[in-house]
Amino acid sequence: MSRIVHKFTRTVPQWQPRVTPVDLQEATEEQLDALSVTPSNTKVSAYVLTLAHDVESLKVRSPLFNAIMYDPGGMSRAERELGAIGASMVNRCIYCAAVHADRHAKLEKDTSVTDELFAKGEKADLSPRNRAIFDFARKLSESPVAADEADMATLREAGLNDEEILDLILSTALFGWANRLMHVLGDPVREEVPA
């Protein structure tokens, strides 16, 4: 028996699609081509297989995702993950928050930031740089028009340069969109553990 998950954790739940994913064994040549560049460059998830129903969108989405989250230069990968976590927490996307918290912890080889965020949310005790990144990602996700020049100044005071700020905006905005797709197309589920 499984149930919908409602708590943030680094333990990645399964994602149960509401739309039947494309079966790789029955995929068209166009679908296989669109699937050849997966978001993480490691595997094809049920989510991506669901998105493969719209080949043209997926052919654009995966390279864009990879460029925003994985290209070298600018903000560190772990900090981009922190932007994704901030957006996912605001949007209550349990699955994305778990995936990106797990990646952040692995990249940093430390769970303290994600432990703190999931235990205390907005009141988490973070370094000044992480605080500025998380607060900006949260603010941008809650109301994009509310992010202003004062927020840019706060990011710069925390040591971010313009290239890093752009990476933060891109990673946060990407997850505003991705979270909404995940919510509509499926649900995070975790196996119930018998009491």
### Summary
Between V189 and P13, the two heavy atoms sitting closest are O-CB, 3.3 Å
### Message
Rounded at 0.5 Å granularity, tell me how far NZ in K109 sits from NE2 in H104.
### Response
12.5 Å
### Query
Side chain of T172, backbone of I169: donor and acceptor closer than 3.5 Å?
no
### Message
Please determine whether residues V12 and L49 belong to a single hydrophobic cluster, defined as Ile, Leu, Val, Met, Phe, Trp and Tyr linked transitively by side-chain heavy-atom distances below 4.5 Å.
### Response
yes
### Message
For K106, is there an ion pair with E81 - N to carboxylate O distance below 4.0 angstrom?
### Response
no
### Message
Taking L185 as the starting point, is it possible to reach V44 by hopping between hydrophobic residues whose side chains are less than 4.5 Å apart?
### Response
yes
### Main-chain N/O of L168 paired to S171 side chain as donor or acceptor, under 3.5 Å
yes
### Inter-residue atom distance L51.CG - L181.CG, 0.5 Å rounding
6.0 Å
### Query
Quick one: does C93's side chain get under 4.5 Å of H183's, heavy atoms only?
yes
### Task
Evaluate the criterion side-chain contact (heavy atoms from CB on, under 4.5 Å) for residue pair I165 and F136; output intermediate values, then yes/no.
CA-CA 10 Å; I165 291 170; F136 181 80; 5.5 Å; no
### Query
With side chains defined as the heavy atoms from C-beta onward, is the minimum distance between R80 and I68 less than 4.5 Å?
no
### Message
Are Y70 and V99 connected into the same hydrophobic cluster when the rule is that any two of I, L, V, M, F, W, Y join if their side-chain heavy atoms are below 4.5 Å apart?
### Response
yes
### Task
Compare all side-chain heavy atoms of V113 with those of L82 and state whether any distance is below 4.5 angstrom.
yes
### Task
Answer yes or no: is there a donor N or O on one side and an acceptor on the other, between the side chain of S62 and the main chain of K59, under 3.5 Å?
no
### Query
With a 4.5 Å limit on heavy-atom distance, are the side chains of Y95 and Q14 in contact?
no
### Message
What verdict does the side-chain contact (heavy atoms from CB on, under 4.5 Å) test give for N66 and D71, after you've listed the backbone C-alpha separation in whole Å, the side-chain angles of each residue and the deciding distance to 0.1 Å?
### Response
CA-CA 7 Å; N66 287 343; D71 274 359; 5.9 Å; no
#### Entry: Heavy-atom check, side chain of L32 versus side chain of E29, under 4.5 Å
no
### Query
Is the shortest heavy-atom distance from the side chain of D135 to the side chain of D151 under 4.5 Å?
no
### Query
Do F134 and M89 touch side chain to side chain, with heavy atoms closer than 4.5 Å?
yes
### Summary
Heavy-atom nearest pair, A97 first then S88, reads N-CB, 3.6 Å
#### Entry: Over all atoms of both residues, closest heavy-atom pair of D115 and R10
OD1-NH1, 2.6 Å
### Task
Please test K123 against E116 for salt bridge (Lys or Arg N to Asp or Glu O under 4.0 Å), starting from the C-alpha separation and ending with a verdict.
CA-CA 9 Å; K123 296 180 181 179; E116 184 72 11; over 6 Å; no
### Message
Are L166 and L174 connected into the same hydrophobic cluster when the rule is that any two of I, L, V, M, F, W, Y join if their side-chain heavy atoms are below 4.5 Å apart?
### Response
yes
### Message
Closer than 3.5 angstrom, by distance alone: can the side chain of N179 be matched with the main-chain N or O of N91 as a donor-acceptor pair?
### Response
no
### Task
Apply salt bridge (Lys or Arg N to Asp or Glu O under 4.0 Å) to the pair D54 and R61, showing each step before the final yes or no.
CA-CA 10 Å; D54 185 342; R61 180 244 183 228; over 6 Å; no
### Query
Any idea which heavy atoms bring L35 and L58 closest together, and the distance?
CD2-CD2, 3.7 Å
### Query
When clusters are formed by joining ILVMFWY residues with side-chain heavy atoms under 4.5 Å apart, either directly or through shared neighbours, do M182 and V19 land in the same one?
yes
### Message
Show the nearest heavy-atom pair for residues A101 and I85, with the distance to one decimal.
### Response
CA-CD1, 3.6 Å
### Query
Any Lys/Arg nitrogen of E164 or R129 sitting under 4.0 Å from an Asp/Glu carboxylate oxygen of the other?
yes
### Query
Could you walk me through whether R77 and M69 pass the side-chain contact (heavy atoms from CB on, under 4.5 Å) check?
CA-CA 7 Å; R77 288 229 8 240; M69 295 305 290; 5.9 Å; no
### Task
Using a strict cut-off of less than 4.0 Å between a Lys/Arg side-chain nitrogen and an Asp/Glu carboxylate oxygen, indicate whether D125 and K120 qualify as a salt bridge.
no
### Heavy-atom neighbours of K139 NZ exceed 12 at 6.0 Å
yes
#### Entry: Whether R180 side chain and G176 backbone form a donor-acceptor pair below 3.5 Å
yes
#### Entry: Approximate separation, where rounding is to 0.5 Å, of L117 CG and F8 CZ
10.0 Å
### Task
Give the minimum heavy-atom separation between P188 and W15, together with the two atoms involved.
N-CD1, 4.3 Å
#### Entry: Note, T9 side chain near I94 side chain (heavy atom, < 4.5 Å)
no
### Message
Run L160 and I133 through side-chain contact (heavy atoms from CB on, under 4.5 Å) and show every step you take.
### Response
CA-CA 9 Å; L160 280 79; I133 290 168; 4.1 Å; yes
### Query
Relative to the ring of F65, is the ring of H100 parallel (under 30°), tilted (30 to 60°) or perpendicular (over 60°)?
tilted
